[in-house]
Number of protein chains: 2
Amino acid sequence: MTPAALERSQSWLGQADLRPTRQRLALASLLVGDGQNRHVTAEGLHDAVLGTGDRVSLATVYNTLRAFCEAGLMQEVTVDGSRSYFDTRVDDHPHFYMEEDGSLMDAPSAEFHIQALPDVPDGYEIAKVDVVIRLRKIA
Amino acid sequence: MTPAALERSQSWLGQADLRPTRQRLALASLLVGDGQNRHVTAEGLHDAVLGTGDRVSLATVYNTLRAFCEAGLMQEVTVDGSRSYFDTRVDDHPHFYMEEDGSLMDAPSAEFHIQALPDVPDGYEIAKVDVVIRLRKIA
DNA sequence: CTATGTGCAAATCTTTTGCAGGCTA
DNA sequence: TAGCCTGCAAAAGATTTGCACATAG
């Protein structure tokens, strides 16, 4: 982990008053160490952290991702019934989902626009609008 | 099951060359017996069929819903990581999801419009655009 | 009769939880 | 030191599967 990545990870955790433990720093540096947005699954992040030589249990990866979401550092994105994805970008934005390999990425939202939303039933308000654009490889 | 519901169920299965077994007819009549669209979970449909007095195993409900999807009679909708929803309406349309009780319904799509979609990465084409409008009860 | 369906129980897969021990502030 | 974290293994929940029996065409 570079010094810059360490510092980013520490301040990211600090924002949410989460203690900078070894495991959290290891995960945070993979998530925000380079300042880029990431979309990960628990399994994928676990593999990635093992790849760096750090040892973090899968249960801790799950618990930590959940803690990051509760702290508002990440958000969960539902695209595939069988797995949860976690996104380091926390505003409401559309996603591309590659059906081919199950990867998820941000769709350029500048070019995306919803012209009109349907009327919401009485007594309800919109919590969030999820847009997932499923992509298929052209044969 | 009314004669009309039976006939609708039979022709629905017939469209897809699925044999009209007792279990499939029982499920189909709950899904399309009255000509309305339905959004169900496997568990919910299983409870419903038991409520009518018919006996269908939960495994068969799962297998049958999957068969209906493969046959193009229904589509799976992903809104909640922990459960699958199945929709009898098979075109691409937006949904309302009530976070409060986990129910799913069609959003009036006439009033819904996407003005511009982001550019799709080279080599890919859009398979489907999923829009889920999450609703929260106003306090 | 033969290929399809069905039911049950067991297997799978992802995610959560209980609890004993470890570590940060 | 006190409370928060972590790891492990076990639990939990949703869905799938193997296999023997049943049934539609």
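Just so it is clear, the values below take in all heavy atoms, side chains as well, and ignore hydrogens, waters and symmetry mates. Within every chain, numbering begins at 1; the chains are lettered A, B, ... in the order of the sequence lines, protein sequences first and strands thereafter.
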Whole angstrom is fine here: how far is it from CG in B/D54 over to P in C/dT6? 13 Å

Any idea which of C/dT16, C/dT15, D/dA24 is nearest the B/R19 side chain? D/dA24

So if I apply the salt bridge (charged side-chain N to carboxylate O under 4.0 Å, His left out) rule between B/E125 and each of A/R134, A/R136, A/K137, which one comes out positive? A/R136

Ordered by number, residues from residues 79-88 of chain A within less than 4.0 Å of DNA chain C (heavy atoms) are A/S82, A/R83, A/S84

Name the closest nucleotide to the B/S57 side chain, picking from C/dG7, C/dT17, C/dT24. C/dG7

May I ask you to verify if any side-chain N or O of B/Q23 is less than 4.0 angstrom from the OP1 or OP2 atom of D/dA22? no

Contacts of A/R24 and B/E76 projected onto DNA chain D by closest heavy atom; the upstream (5') one is A/R24

Which of C/dC8, D/dG7, C/dT14 is nearest the side chain of A/E43? It is C/dT14

If you look at every heavy atom in A/D34 and A/Q36, which pair is closest and at what distance? OD1-N, 2.9 Å

Spacing of A/R55 atom CZ relative to C/dC23 atom P, expressed in whole Å: 11 Å

On the nucleotide D/dT16, are OP1 or OP2 found under 4.0 Å from the side-chain N or O atoms that B/R66 carries? yes

What's the separation between atom CZ in B/R22 and atom CG in B/L27, rounded to the nearest 0.5 Å? 9.5 Å

Taking atom C1' of C/dG7 as reference, at what distance in whole Å does atom CG of B/L58 sit? 11 Å

Atom-to-atom span, NE2 of A/H46 to P of D/dG7 - whole angstrom: 8 Å

No-hydrogen, no-angle side-chain donor-acceptor test under 3.5 Å, A/H95 and A/D130: no

Are A/L6 and A/W12 in one and the same hydrophobic cluster, where Ile, Leu, Val, Met, Phe, Trp and Tyr link if side-chain heavy atoms are under 4.5 Å apart? yes

Side-chain heavy atoms under 4.5 angstrom apart, residues restricted to Ile, Leu, Val, Met, Phe, Trp, Tyr: same cluster for A/V131 and B/L135? yes

Does C/dT6 have its OP1 or OP2 closer than 4.0 Å to a side-chain nitrogen or oxygen of B/T60? no

Please state how far atom CG in B/L65 lies from atom P in C/dT6, giving the value in whole angstrom units. 12 Å

Looking at B/T21, does any N or O in its side chain come under 4.0 Å of the phosphate oxygens OP1/OP2 on C/dT6? yes

Quick check: is B/V77 connected to B/F86 through a chain of hydrophobic side chains (ILVMFWY, heavy atoms under 4.5 Å apart)? no

Taken to the nearest whole Å, CG/B/N63 to C1'/D/dA22 is 16 Å

C/dG5 C1' sits how many Å from B/L27 CG, rounded? 13 Å

Report yes if a side-chain nitrogen or oxygen of A/Y62 is closer than 4.0 Å to either non-bridging phosphate oxygen (OP1 or OP2) of C/dT16; otherwise report no. no

Starting at atom CG of B/L18, determine the distance to atom C1' of C/dT6, rounded to an integer number of angstrom. 14 Å

